[in-house]
Number of protein chains: 2
Amino acid sequence: MLSLVEENYLKTIYHLSDGGGQQVSTNAIADAIKTKPASVSDMIRKLDRKGVISYTKYQGVNVTSEGISAALKVIRKHRLWEVFLVQHLKFNWDEVHEVAEQLEHIKSPLLIERLDEFLGHPKVDPHGDPIPDSQGVIKARPQIKLGDLSPKSEGLIMAVNDSGSSFLQHLDKIGAYLGARILVVDKEEFDSSLRVKIDDGEILFISKEVASNILVEELTS
Amino acid sequence: MLSLVEENYLKTIYHLSDGGGQQVSTNAIADAIKTKPASVSDMIRKLDRKGVISYTKYQGVNVTSEGISAALKVIRKHRLWEVFLVQHLKFNWDEVHEVAEQLEHIKSPLLIERLDEFLGHPKVDPHGDPIPDSQGVIKARPQIKLGDLSPKSEGLIMAVNDSGSSFLQHLDKIGAYLGARILVVDKEEFDSSLRVKIDDGEILFISKEVASNILVEELTS
DNA sequence: TACTTAATTTAGACTAATCTAAAAAATAAT
DNA sequence: ATTATTTTTTAGATTAGTCTAAATTAAGTA
Ligand SMILES: [Mn+2]
Ligand SMILES: [Mn+2]
Ligand SMILES: [Mn+2]
Ligand SMILES: [Mn+2]
């Protein structure tokens, strides 16, 4: 059984490791969790002892298969709660993340299965992120960064890489939303900014930073 | 701002004080929270410093008006979540208390107001306990213990005094539920047990312990 | 290879919450 | 009014999680 703090570390490490693939450094964890590297050293030793990561000093950490399954359980809860907040409590997609950070730690297998059922077994959360099923199976969808779309091609907005409210409010402002059709009019060599059209609207400028946090599925036209 | 543990202490003290009325002793708190009196001594000094209770050594504690309002906020959340679990996630009334003990600590004013709205501003929880409104106003309903009902009189089951699953499962077994009509056939002098009829069903025996945890509104027949 | 810098770990200290054992105060009983 | 008992508080330790500062290891550079 993991504490709330341990769950947060594990989830963060899982994300940084790209689903268990990459090795993760102490500093990267400290950065993501907004804590000090010294605290991370302590915690990863503990998580290693609990078997959810494997760690050798100065070598960074890897998530074990038990760790992956535990992380996916937390992520499943986080994303199901986000769906609930948006679909039933009229939250905007930029208001859900903070609350879901708390709700994801509620311990009750019955609760989460009933919530999943209540929501109709949703496949993605309000940010387009896939929701692991009760077995921990998560299916990725083919999606690339908007910034990697070639000029003149078109895509559908499938997900966002940043669930912070400032980014999402910016998307609201420019009229971008999940499911929107987006056409890359052209791309500026110098700063990698884009000019795009959303749903055949007027031309908008999009910075490299924004473009890298919008995930699209290319439309084969 | 109170920690999760402080919220639990305050809520317990509020309940033991009967809504802020009575003074509460260290041992009573320790008993209710299943902790040691030494721990309670530490905590009540802290809660006093935070202004939610007033405490003088060896004198027990009283809940302040700030304390009452903070306790009612936690209780409101607890009871709203219980309604959600029963009405929307198909939980039985004996399954909700443990989960609500966790959910009551989620911090988000928006969440709780939206949940209240989603639920249609319910007035009581699945155990018949009144839900404070967003201003912290809680209106008690006239109800007495089943054990205090005189023989031959009839009442409606309005609430239960014990939300533990074993008690509630017992009620399920004998067919007692909120809203049921209950007739006291007669009362045994010796052990204060009752013989009752629920909704004109067959005669049942009810012990003093059970009778004191069932709250009824007397029917003026 | 030797030196410099960056990353990581350890040492020691702190807060929150808890416990056991012992001391002090308040009640109850002779 | 003295004891005896119960209640409450204090003293000292423990665990989880965090921090700063110092030591250690690894990596980068000349
Ligand atoms: Mn989120
Ligand atoms: Mn999300
Ligand atoms: Mn309850
Ligand atoms: Mn209840």
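In what follows, chains carry the letters A, B, and so on, assigned in the order in which the sequence lines appear, proteins first and then strands, with residues in each chain numbered from 1.
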Tell me: [atom1] of [X] to [atom2] of [N], nearest whole Å?
X	N	atom1	atom2	value
B/Asp31	D/dT8	CG	P	11 Å
B/Tyr55	C/dA25	OH	C1'	12 Å
A/Glu7	D/dA16	CD	P	16 Å
A/Gln59	D/dT25	CD	P	13 Å
A/Gln23	C/dA7	CD	C1'	14 Å
A/Lys50	D/dT15	NZ	P	14 Å
A/Tyr58	D/dA26	OH	C1'	9 Å

* Structure fact -> For residues 21-32 of chain A, the side-chain hydrogen bond (donor to acceptor under 3.5 Å, both in side chains) pairs (sequence neighbours left out) are A/Gln23-A/Asn62
* Does A/Arg45 have a side-chain nitrogen or oxygen under 4.0 Å from the phosphate oxygens OP1 or OP2 of C/dT9? -> no
* To do: State whether A/Asn27 places a side-chain N or O below 4.0 Å from either non-bridging phosphate oxygen (OP1 or OP2) of C/dA6.
  => no
* To do: Tell me which nucleotide among D/dT9, C/dT8, C/dT9 gets nearest to the side chain of A/Ser25.
  => C/dT8
* To do: Have a look at B/Glu6 and say if it touches a base, only the backbone sugar-phosphate, or nothing, with a 4.0 Å heavy-atom cut-off.
  => sugar-phosphate
* Asked: With A/Lys90, which residues qualify under side-chain hydrogen bond (donor to acceptor under 3.5 Å, both in side chains), at least two apart?
  -> B/Glu117
Between the protein and nucleotides 18-22 of chain D, which nitrogen or oxygen pairs are less than 3.5 angstrom apart?
| unit_1 | atom_1 | unit_2 | atom_2 | d |
| --- | --- | --- | --- | --- |
| D/dT18 | OP2 | A/Tyr9 | OH | 3.3 |
| D/dC19 | OP2 | A/Thr35 | OG1 | 2.7 |
| D/dC19 | OP2 | A/Lys36 | N | 3.1 |
| D/dC19 | OP2 | A/Ser39 | OG | 2.9 |

* **NZ/NE/NH1/NH2 to OD/OE distance under 4.0 Å, A/Glu113 and A/Arg76** => yes
* **Position toward the 5' end of DNA chain D (nearest nucleotide), B/Thr26 or A/Lys57** => B/Thr26
* Structure fact -> Hits for side-chain contact (heavy atoms from CB on, under 4.5 Å) against A/Tyr58, two or more places apart or cross-chain, chain-then-number order -> none
Name the atoms and distances for all side-chain donor-acceptor pairs under 3.5 Å in residues 1-21 of chain B, with sequence neighbours left out.
| unit_1 | atom_1 | unit_2 | atom_2 | d |
| --- | --- | --- | --- | --- |
| B/Ser3 | OG | B/Val5 | N | 3.4 |
| B/Ser3 | OG | B/Glu6 | N | 3.1 |
| B/Glu6 | OE1 | B/Ser3 | N | 2.8 |
| B/Glu6 | OE1 | B/Lys50 | NZ | 3.1 |
| B/Glu6 | OE2 | B/Lys46 | NZ | 3.0 |
| B/Glu6 | OE2 | B/Lys50 | NZ | 3.4 |
| B/Glu7 | OE1 | B/His105 | ND1 | 2.6 |
| B/Glu7 | OE2 | B/Lys107 | NZ | 3.2 |
| B/Asn8 | OD1 | B/His105 | NE2 | 3.0 |
| B/Lys11 | NZ | B/Glu101 | OE1 | 3.2 |
| B/Lys11 | NZ | B/Glu101 | OE2 | 2.8 |
| B/Lys11 | NZ | B/Glu104 | OE1 | 3.1 |
| B/Lys11 | NZ | B/Glu104 | OE2 | 2.9 |
| B/Thr12 | OG1 | B/Asn8 | O | 2.9 |
| B/His15 | ND1 | B/Lys11 | O | 3.4 |
| B/Ser17 | OG | B/Ile13 | O | 3.4 |
| B/Ser17 | OG | B/Tyr14 | O | 2.9 |
| B/Ser17 | OG | B/Gly20 | N | 2.7 |

For residues 121-133 of chain A, dump all side-chain donor-acceptor pairs below 3.5 Å to protein atoms at least two apart in sequence or in another chain.
| unit_1 | atom_1 | unit_2 | atom_2 | d |
| --- | --- | --- | --- | --- |
| A/His121 | ND1 | A/Asp116 | OD2 | 2.8 |
| A/Lys123 | NZ | A/His121 | O | 3.2 |
| A/Asp125 | OD1 | A/His127 | N | 2.7 |
| A/Asp125 | OD1 | A/Gly128 | N | 3.1 |
| A/Asp125 | OD1 | A/Asp129 | N | 3.0 |
| A/His127 | ND1 | A/Glu82 | OE1 | 3.1 |
| A/His127 | ND1 | A/Ser163 | OG | 3.4 |
| A/His127 | NE2 | A/Trp93 | O | 2.9 |
| A/Asp133 | OD1 | A/Gln135 | N | 2.8 |
| A/Asp133 | OD1 | A/Gly136 | N | 3.0 |
| A/Asp133 | OD1 | A/Val137 | N | 2.9 |

* Asked: Is B/Lys73 atom NZ crowded by more than 12 heavy atoms from other residues, nucleotides or ligands, each under 6.0 Å away?
  -> no
